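Atom set for the values below is all heavy atoms of this structure, side chains included, hydrogens, waters and symmetry mates excluded. Here the structure is a predicted model, which is why all the values come from computation and not from measurement.
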Amino acid sequence: MNNADDSTVLVVEDESFVRMIAADMLEESGFRVLEAPDASVALELLKQHQIAVVFTDINMPGPIDGLELARIVTETCPQVKVIVTSGKQWLGPEDLPDHSVFLPKPYRAAQLTQLIEEQTGDAD
(Lines give C-alpha, C1' and ligand atoms only; values in the text may rest on other atoms or scores of the structure.)
Protein backbone atom coordinates (compact mmCIF):
# COMPACT_ATOMS: atom_id res chain seq x y z
CA MET A 1 0.00 0.00 0.00
CA ASN A 2 1.84 3.03 -1.21
CA ASN A 3 -0.79 5.32 -2.71
CA ALA A 4 -1.57 8.78 -1.38
CA ASP A 5 -4.72 7.68 0.41
CA ASP A 6 -2.74 5.29 2.60
CA SER A 7 -1.64 8.26 4.68
CA THR A 8 -5.04 9.95 5.05
CA VAL A 9 -6.04 10.63 8.64
CA LEU A 10 -9.53 11.72 9.66
CA VAL A 11 -9.39 13.95 12.75
CA VAL A 12 -12.71 13.98 14.63
CA GLU A 13 -12.83 16.65 17.33
CA ASP A 14 -15.63 19.05 18.25
CA GLU A 15 -13.33 21.77 19.57
CA SER A 16 -12.20 23.54 16.40
CA PHE A 17 -8.95 24.87 17.87
CA VAL A 18 -7.89 21.42 19.13
CA ARG A 19 -8.89 19.88 15.79
CA MET A 20 -6.88 22.49 13.89
CA ILE A 21 -3.77 21.88 16.02
CA ALA A 22 -4.00 18.10 15.54
CA ALA A 23 -4.52 18.54 11.79
CA ASP A 24 -1.53 20.90 11.56
CA MET A 25 0.67 18.45 13.49
CA LEU A 26 -0.24 15.65 11.12
CA GLU A 27 0.08 17.70 7.94
CA GLU A 28 3.54 18.85 9.02
CA SER A 29 4.45 15.17 9.39
CA GLY A 30 3.37 14.45 5.82
CA PHE A 31 -0.13 13.06 6.34
CA ARG A 32 -3.16 14.06 4.31
CA VAL A 33 -5.81 15.21 6.82
CA LEU A 34 -9.57 15.42 6.72
CA GLU A 35 -11.45 17.04 9.59
CA ALA A 36 -14.85 16.41 11.16
CA PRO A 37 -16.50 18.26 14.06
CA ASP A 38 -18.61 15.23 15.06
CA ALA A 39 -19.25 11.55 14.38
CA SER A 40 -22.00 12.15 11.82
CA VAL A 41 -19.70 14.18 9.59
CA ALA A 42 -16.93 11.63 10.15
CA LEU A 43 -19.16 8.77 8.97
CA GLU A 44 -20.04 10.70 5.80
CA LEU A 45 -16.35 11.37 5.10
CA LEU A 46 -15.59 7.67 5.58
CA LYS A 47 -18.10 6.89 2.83
CA GLN A 48 -16.56 9.45 0.47
CA HIS A 49 -12.81 8.97 1.03
CA GLN A 50 -10.27 6.24 1.49
CA ILE A 51 -9.02 6.78 5.03
CA ALA A 52 -6.20 4.95 6.79
CA VAL A 53 -6.72 6.18 10.36
CA VAL A 54 -9.55 7.79 12.31
CA PHE A 55 -8.26 9.88 15.22
CA THR A 56 -11.23 10.73 17.42
CA ASP A 57 -11.91 12.45 20.70
CA ILE A 58 -14.36 10.61 22.98
CA ASN A 59 -16.47 13.54 24.17
CA MET A 60 -18.42 15.05 21.28
CA PRO A 61 -21.90 16.45 20.77
CA GLY A 62 -24.61 14.46 19.07
CA PRO A 63 -25.97 10.96 19.44
CA ILE A 64 -22.65 9.25 18.67
CA ASP A 65 -19.61 9.88 20.86
CA GLY A 66 -16.05 9.03 19.86
CA LEU A 67 -16.08 5.61 21.49
CA GLU A 68 -19.23 4.59 19.63
CA LEU A 69 -17.71 6.02 16.44
CA ALA A 70 -14.66 3.81 17.03
CA ARG A 71 -16.94 0.77 17.37
CA ILE A 72 -18.82 1.62 14.17
CA VAL A 73 -15.59 2.15 12.22
CA THR A 74 -13.98 -1.08 13.40
CA GLU A 75 -17.14 -3.04 12.52
CA THR A 76 -17.93 -1.45 9.15
CA CYS A 77 -14.43 -0.54 7.93
CA PRO A 78 -12.06 -3.07 9.50
CA GLN A 79 -9.16 -1.89 7.33
CA VAL A 80 -9.33 1.56 8.97
CA LYS A 81 -7.27 1.93 12.14
CA VAL A 82 -8.74 3.89 15.04
CA ILE A 83 -7.00 6.01 17.65
CA VAL A 84 -9.19 7.29 20.49
CA THR A 85 -8.16 10.26 22.62
CA SER A 86 -9.45 12.01 25.72
CA GLY A 87 -8.26 14.40 28.36
CA LYS A 88 -11.13 13.53 30.69
CA GLN A 89 -10.92 9.76 30.93
CA TRP A 90 -8.35 7.02 30.63
CA LEU A 91 -9.14 3.88 28.67
CA GLY A 92 -7.39 0.55 28.70
CA PRO A 93 -7.37 -1.98 25.85
CA GLU A 94 -10.39 -3.73 27.37
CA ASP A 95 -12.42 -0.49 27.02
CA LEU A 96 -11.72 -0.11 23.29
CA PRO A 97 -12.97 -1.88 20.19
CA ASP A 98 -10.59 -4.45 18.71
CA HIS A 99 -7.67 -3.02 16.74
CA SER A 100 -8.01 0.46 18.21
CA VAL A 101 -5.67 2.25 20.60
CA PHE A 102 -5.89 5.04 23.16
CA LEU A 103 -3.76 8.19 23.28
CA PRO A 104 -4.34 10.40 26.34
CA LYS A 105 -4.46 14.19 26.06
CA PRO A 106 -2.35 16.18 26.16
CA TYR A 107 -0.21 14.48 23.54
CA ARG A 108 2.83 15.67 21.64
CA ALA A 109 3.08 15.76 17.85
CA ALA A 110 5.78 13.08 17.93
CA GLN A 111 3.56 10.74 19.97
CA LEU A 112 0.62 11.13 17.61
CA THR A 113 2.75 10.77 14.50
CA GLN A 114 4.52 7.68 15.82
CA LEU A 115 1.25 6.04 16.81
CA ILE A 116 -0.27 6.66 13.38
CA GLU A 117 2.84 5.31 11.68
CA GLU A 118 2.66 2.19 13.86
CA GLN A 119 -1.03 1.75 13.02
CA THR A 120 -0.48 2.10 9.28
CA GLY A 121 2.64 -0.02 9.20
CA ASP A 122 4.85 2.87 8.10
CA ALA A 123 7.10 2.76 11.17
CA ASP A 124 10.33 0.86 10.74
Side-chain angles (χ1 to χ4, degrees):
M1 292 198 325
N2 285 325
N3 64 47
D5 288 330
D6 290 339
S7 61
T8 300
V9 178
L10 174 55
V11 176
V12 188
E13 167 66 62
D14 64 311
E15 294 183 38
S16 58
F17 185 70
V18 175
R19 187 175 64 244
M20 181 186 69
I21 290 171
D24 286 349
M25 286 178 187
L26 293 170
E27 287 171 345
E28 288 174 10
S29 296
F31 295 100
R32 179 173 176 250
V33 178
L34 297 174
E35 299 179 42
D38 60 41
S40 298
V41 173
L43 291 170
E44 285 302 312
L45 289 170
L46 276 165
K47 292 177 189 174
Q48 299 168 8
H49 300 275
Q50 191 173 11
I51 294 170
V53 178
V54 171
F55 177 54
T56 182
D57 188 29
I58 292 175
N59 299 308
M60 289 187 294
I64 303 172
D65 68 7
L67 204 49
E68 182 62 20
L69 174 62
R71 286 188 184 96
I72 292 169
V73 171
T74 58
E75 289 173 9
T76 61
C77 305
Q79 75 283 7
V80 177
K81 306 300 182 189
V82 179
I83 301 171
V84 177
T85 189
S86 179
K88 297 178 182 169
Q89 51 190 307
W90 184 277
L91 300 179
E94 68 280 358
D95 302 314
L96 298 166
D98 290 343
H99 311 295
S100 59
V101 295
F102 180 72
L103 178 65
K105 289 181 180 177
Y107 50 82
R108 295 187 322 271
Q111 290 174 297
L112 178 57
T113 301
Q114 180 181 358
L115 193 53
I116 290 174
E117 288 172 350
E118 288 170 2
Q119 294 297 302
T120 60
D122 290 341
D124 291 324

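Judged as a side chain to side chain donor-acceptor pair (under 3.5 Å), and not counting sequence neighbours, Lys88 has no contacts. When the side chain to side chain contact (heavy atoms under 4.5 Å, CB included) test is applied to Gln89, the partners found at least two apart in sequence or on another chain are Ile58, Asn59, Ser86, Leu91. With sequence neighbours excluded, the residues forming a side chain to side chain contact (heavy atoms under 4.5 Å, CB included) with Glu27 are Asp24, Val33, listed by chain and number. With sequence neighbours left out, the side chain to side chain donor-acceptor pair (under 3.5 Å) criterion links Thr113 to Ser29. Ala42 meets the side chain to side chain contact (heavy atoms under 4.5 Å, CB included) test with Leu10, Val12, Ala36, Leu69; sequence neighbours excluded. Legend: residues meeting salt bridge (Lys or Arg N to Asp or Glu O under 4.0 Å) with Glu44, ordered by chain and number and at least two apart, are Lys47. For His49, the side chain to side chain contact (heavy atoms under 4.5 Å, CB included) test picks out Arg32, Leu34, Leu45, Ile51, with sequence neighbours left out. The side chain to side chain donor-acceptor pair (under 3.5 Å) search around Thr74 returns none, not counting sequence neighbours.
For residues 54-98, every residue pair satisfying the ring pair (Phe, Tyr, Trp, His ring centres under 6.0 Å) rule, not counting sequence neighbours, is listed here: Phe55-Tyr107, Trp90-Phe102. Applying the side-chain hydrogen bond (donor to acceptor under 3.5 Å, both in side chains) definition to pairs two or more places apart or across chains, those involving residues 33-42 are Arg19-Glu35. Every pair passing salt bridge (Lys or Arg N to Asp or Glu O under 4.0 Å) that includes a residue from residues 92-105 is listed here, sequence neighbours excluded: Glu13-Lys105, Asp57-Lys105.
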Should Glu68 and Asp65 be marked as a side-chain contact (heavy atoms from CB on, under 4.5 Å) after you check the CA-CA gap, both sets of side-chain angles, and the distance that decides it? CA-CA 5 Å; Glu68 182 62 20; Asp65 68 7; 3.4 Å; yes

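In this structure, CD1 in Ile72 is found 5.5 Å from CG in Leu43, a value given to the nearest 0.5 Å. Atoms CD and NE2, on Gln79 and His99 in that order, are 12.0 Å from each other to the nearest 0.5 Å. Annotation: the span from Met25 atom CE to Met20 atom CE amounts to 10.5 Å, rounded to 0.5 Å. Within the model, atoms CG of Leu112 and OG1 of Thr85 stand 8.0 Å from one another, a figure rounded to the nearest 0.5 Å.
Hydrophobic cluster membership is shared by Val41 and Leu67, with clusters built from Ile, Leu, Val, Met, Phe, Trp and Tyr side chains linked at under 4.5 angstrom. Hydrophobic clustering (ILVMFWY, side-chain heavy atoms < 4.5 Å, transitive): Val18 and Leu103 are in distinct clusters. The hydrophobic clustering, which links ILVMFWY residues whose side-chain heavy atoms are closer than 4.5 Å, places Val9 and Val101 together.
Residues Ser7 and Gly30 share a closest heavy-atom pair of OG-O, 4.3 Å.
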